[in-house]
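Heads up: numbering here begins at 1 and tracks the sequence. Order of appearance sets the numbers: ligands from 1, and atoms from 1 within every ligand. Nothing here was measured: the structure is a model prediction, and the numbers come from that model.
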Amino acid sequence: MLSLERIEEIKEELQGLSPEEQQKKFQEIIQSLDPEEREQLTGKQQCPFCLMAKGEIPVKKVYEDETLMGILDIRPANKGHTLLFPKEHHKMLSTVPEVLVAHMFTVANKLSTAVFDAMQAQGTNILVANGPAAGQTAPHVLINIIPRFTKDKVVIGWDAEKIDDTEMEKIAGSIQSKIPKEKAKITQKKEMQSVREDFSRIP
Ligand SMILES: [Zn+2]
């Protein structure tokens, strides 16, 4: 995984070189990377969401700030289906810096309320697909905000599996052991208070 600093460094290394030297240097750098990093570097130019963020592909914009952009999905699940994404390229949520993740979900929550009101919806889904197995089709991380109606045709669901208690215990332990300690706890009373208050509100 390349850091943003490393990507900037690479850009600087290429600056001031002739096109031939640039090409040669770029190939050298590419050879030294693992496949994921390579895709990160070469995919960056092609990513439609990066181009949208730069204003190079027209969009129906509903939200923009320094780091995020919110647009209408051109193939919506329902009218008002909105996509929120970071302007910097990230393939999945796991590589987005924590501060930006927090900002993304704060904004997604506001957009969800706005979409709910504007579309006179009866509910909303806020969804992230991480990886093709989860239904991710875009090369750039997105939060889907989908207005929902009791009789709409959107299908988000699964058949519940039956898992015995011992295995459940094991799974819970295994997940717990993978959570970095400092990120696992919500300590601030204020945060818990607002979490409780929000339960009474839909969406
Ligand atoms: Zn991108």
| field | Where the Zn ion (ligand 1) is the vertex, angle from His140 ND1 to Cys50 SG to 10° | value | 110°
| note | Restricting His89 to its N/O/S atoms, the closest one to the Zn ion (ligand 1) is ND1
| Mind checking whether His140 and His89 have ring centres under 6.0 Å apart? | yes
| message | So, 2.8 Å as the limit: is an N/O/S atom of His90 located closer than that to the Zn ion (ligand 1)? | response | no
| query | Can you name the residues that form a salt bridge (Lys or Arg N to Asp or Glu O under 4.0 Å) with Glu21, not counting sequence neighbours? | reply | none
| query | Looking at Glu167 and Lys162, does any basic side-chain N land under 4.0 Å from a carboxylate oxygen? | reply | no
| query | In the hydrophobic clustering that connects Ile, Leu, Val, Met, Phe, Trp and Tyr at side-chain heavy-atom distances below 4.5 Å, which members other than Leu127 occupy its cluster, ordered by chain and number? | reply | Ile146, Val154, Ile156
